[in-house]
> 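Sharing a structure below in structure tokens format, with a few things to ask.
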Amino acid sequence: MNYLGVDLGTSSVKLILMDAAGKILRTVSKEYPLSMPHTGWSEQAPEDWWTQTKAGILELMAGLDASQLAGVSFGGQMHGLVILDKEDRVIRPAILWNDGRTGAETAYLNDRIGQDKLAAYTANIAFAGFTAPKLLWVKNHEPQNFARIAKIMLPKDYIAYKMTGVHCCDYSDASGMLLLDVAGKRWSKEMLEICGVTEAQLPALFESYDCVGTLLPSAARELGLPERVKVMAGAGDNAAAAVGTGTVKNGTCNISLGTSGTVFIANDRFRLPENHALHAFAHATGKYHLMGCILSAASCNKWWTEDILKASDYAAEQRGFVPGGENEVLFAPYLMGERTPHNDPSARGAFIGLSMNTTRAQMTQAILEGVTFAVRDSVEIARGLGVDIQRTKICGGGAKSPIWKQMVADVLRMPVESIATEEGPGLGAAMLAAVGCGEYQSVEEIADAMVQVTSVAEPDAKAADRYDAAYARFQKIYPALKPVLG
């Protein structure tokens, strides 16, 4: 049998068809528009997600035997606010994860309600991208729309609803709403009261591999699929991607060097980070994970290489680097503000240590090193919690650079593994569909069977020693520059 993974991203929906052995049979991507009606706003029409998902599935399955499709699941952009009225009609465009309009609401939650209370209720504090501040924004600025809310959903869950008629959400995605008691895996009554909503307005909660239903007759006709196809709840994009990289067992780690950067650490038991520096979320495995997020990762290198240097050959720009840890130039990678560990949307980037002798290669190297040091910030917080991280997998555009991959190994003092198939949340979603259909007994079992390590970068001890000193200098940049740039 075959399994369909739906990766509902910010710019497009990517669909992956996988067989029971993990072979990728086909992939299709369909784009949809992003609206920015005001500075700092970011919105999309949920109807566009559904239209393009339908078109993508029809293209993906063209000429194939649809009777061989057993299940569908999802990986989706997190935090976005989708609100429906009593007729299940979309009330307003979805407010996305990268929308920055909720500064006042986020400050209210963190400062008036208090970060310690928020962490006690939800295991997390408020960030501008989270869902609860968006709800408060609608309540404060669009009271007529707030009064019409019958259901509150996340982006991928709207697609699941259109397929099944079920208002559902999985624990991993719900963890990023600031409405879930993550430790107890239930909606937080305190947060619902703070936001002025009821549990009846929220979707039913499921594990990521749980079947929430089968295709509605109308959806089956539109998609050209059998009604018996099972639909699993799916996961937030980071948790789904972690499944796809095999980051599912206790202490396993994955580092993503994409547009943003993440450090994802699987945990068997719930951990509440001190000082609220990491996200504590549920995992798609049914257990938990810690996650650090840096808002600008490979995007820093893209900005530098394409926009500033007006170059396109990334590999060429990475020639002429000085030995690891000997670069005189440092870079603070806060081009879009920062989440972990500073939670400061007004933080900004900077080069430090420039001289008349500074070379183009040194500045390029500083970009990569600065992002890697920011990744280490999250790893050090996890280590401070007693999490024993022995090695990590790596994915994302930045992971394609052997130099950057070796840099990560040296800075973190641990082996860094690349995997054979990197298809992001879509692959993890297809794997969740296979588990939900009983093809595999657990997420851990399917990850063991499908995820293969193809190469390993081992840390160089001498470079690691030099990087320790450079990292100590890097840690002083943010507090020193905050009065100037923050």
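For the single chain, residues carry numbers from 1 onward in sequence order. Values reported hereafter were calculated over all heavy atoms of this structure, with side chains retained and with hydrogens, waters and symmetry mates removed.
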> Report the residues that fulfil side chain to side chain donor-acceptor pair (under 3.5 Å) with S11, sequence neighbours left out, ordered by chain and then residue number.
none
> Could you tell me whether D448 and K249 have a side-chain N and a carboxylate O separated by less than 4.0 Å?
yes
> Hey, are the side chains of L69 and L4 touching, using non-hydrogen atoms and a 4.5 Å cut-off?
yes
> Indicate yes or no for a side-chain donor-acceptor contact from D85 to the backbone of E87 under 3.5 Å, with no hydrogens or angles considered.
yes
> If you look only at pairs with a residue in residues 232-241, which of them pass as a side chain to side chain donor-acceptor pair (under 3.5 Å), with sequence neighbours excluded?
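Output for this query is empty, none listed.
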> Please name all residues satisfying side chain to side chain contact (heavy atoms under 4.5 Å, CB included) with A240, sequence neighbours left out, ordered by chain then number.
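Partners of A240 by the side chain to side chain contact (heavy atoms under 4.5 Å, CB included) criterion, ordered by chain and then number, come out as A235, P425.
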> Find the distance between CD1 (I394) and CD1 (I255) and round it off to the nearest 0.5 Å.
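It is 6.0 Å, given to the nearest 0.5 Å.
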> Which residue pairs pass the side chain to side chain donor-acceptor pair (under 3.5 Å) test with at least one member in residues 102-115, sequence neighbours excluded?
T102-T106, E105-N140
> For A20, check side chain to side chain contact (heavy atoms under 4.5 Å, CB included) against everything at least two apart and list the hits.
Y3, E439
> Does a side chain donor of either S208 or D170 reach within less than 3.5 Å of an acceptor in the other side chain?
yes
> Going through the checks in order, is the salt bridge (charged side-chain N to carboxylate O under 4.0 Å, His left out) test met by E227 and R221?
CA-CA 8 Å; E227 292 180 26; R221 286 193 299 271; 5.6 Å; no
> Once ring-ring contact (aromatic ring centres under 6.0 Å, His included) is applied, do any residues pair with W137, and if so which ones, sequence neighbours excluded?
W41, H141
> Under the ring-ring contact (aromatic ring centres under 6.0 Å, His included) rule, collect the residues that match up with Y161, sequence neighbours excluded.
H167
> Tell me yes or no: between the side chains of S67 and D65, is some donor less than 3.5 Å from an acceptor?
yes
> According to the ring pair (Phe, Tyr, Trp, His ring centres under 6.0 Å) rule, which pairs have a member within residues 227-281, sequence neighbours left out?
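Non-adjacent pairs meeting ring pair (Phe, Tyr, Trp, His ring centres under 6.0 Å): F127-H279, F130-H279, F264-H283, F264-H289, F270-Y288, H279-F281, F281-H289.
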> Name all residues meeting the salt bridge (Lys or Arg N to Asp or Glu O under 4.0 Å) criterion together with K54; count only those two or more places apart in sequence or in a different chain, and write none if there are none.
E222
> Above 12 or not: heavy atoms from other molecules or residues under 6.0 Å from CD of E31?
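Counting other residues, nucleotides and ligands, CD of E31 stays at 12 neighbours or fewer.
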> Are the side chain of S256 and the backbone of T262 linked by a donor-acceptor contact shorter than 3.5 Å?
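A pair under 3.5 Å: no.
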> Answer yes when R391 and E417 have at least one side-chain N-carboxylate O distance shorter than 4.0 Å, and no when they do not.
yes
> Which residues pass the salt bridge (Lys or Arg N to Asp or Glu O under 4.0 Å) test with K23, sequence neighbours left out?
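Not a single residue meets the salt bridge (Lys or Arg N to Asp or Glu O under 4.0 Å) criterion with K23.
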> Does D268 offer a backbone N or O that forms a donor-acceptor pair with the side chain of N250 under 3.5 Å?
yes
> Taking the side chain as every heavy atom from C-beta outward, state whether V387 and L290 have any pair of such atoms under 4.5 Å apart.
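Side chain of V387 against side chain of L290, heavy atoms only: contact under 4.5 Å found.
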> Is the shortest distance from a Lys or Arg side-chain nitrogen in D344 or K482 to a carboxylate oxygen in the other one below 4.0 Å?
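Judged by the 4.0 Å cut-off on N to carboxylate O distance, D344 and K482 do form a salt bridge.
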> Surrounding CE of M414 (heavy atoms of other residues, nucleotides or ligands, distance under 6.0 Å), is the total greater than 12?
yes
> Identify whether the distance between the nearest side-chain nitrogen and carboxylate oxygen of R101 and E43 falls below 4.0 Å.
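Yes, charged N to carboxylate O under 4.0 Å.
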> One pair to check against side-chain contact (heavy atoms from CB on, under 4.5 Å): I446 and V451. What are the steps and the verdict?
CA-CA 8 Å; I446 194 171; V451 180; over 6 Å; no
> Taking NZ, NE, NH1 and NH2 as the nitrogens, is one of them in E423 or K14 under 4.0 Å from a carboxylate oxygen of the other?
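Yes, charged N to carboxylate O under 4.0 Å.
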> Can any side-chain N or O of Q77 pair as donor or acceptor with the backbone N or O of P155 at less than 3.5 Å?
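Looks like no, no N/O pair under 3.5 Å.
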> Passes side-chain contact (heavy atoms from CB on, under 4.5 Å), L8 versus T53? Steps please.
CA-CA 8 Å; L8 190 77; T53 298; 4.3 Å; yes
> Looking at D173 and K156, is any side-chain nitrogen of the basic one under 4.0 Å from a carboxylate oxygen of the acidic one?
yes
> Holding to side chain to side chain contact (heavy atoms under 4.5 Å, CB included), I want the full list of residues that pass it with S299, two or more places apart in sequence or in another chain.
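Counting only residues at least two positions away or on another chain, S299 forms a side chain to side chain contact (heavy atoms under 4.5 Å, CB included) with T259, S296.
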> Counting distance only, does the side-chain N/O of S42 pair as donor-acceptor with the main-chain N or O of M36 below 3.5 Å?
no
> Only pairs at least two apart or in different chains count here, so list each side chain to side chain donor-acceptor pair (under 3.5 Å) that has a residue in residues 174-195.
D181-R186, K185-E207, S188-E190
> Given 3.5 Å as the limit, does a donor-acceptor pair link the side chain of N145 with the main chain of P143, or not?
no
> Taking the side chain as everything from C-beta on, heavy atoms only, tell me whether K30 gets closer than 4.5 Å to V28.
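K30 vs V28: side chains touch.
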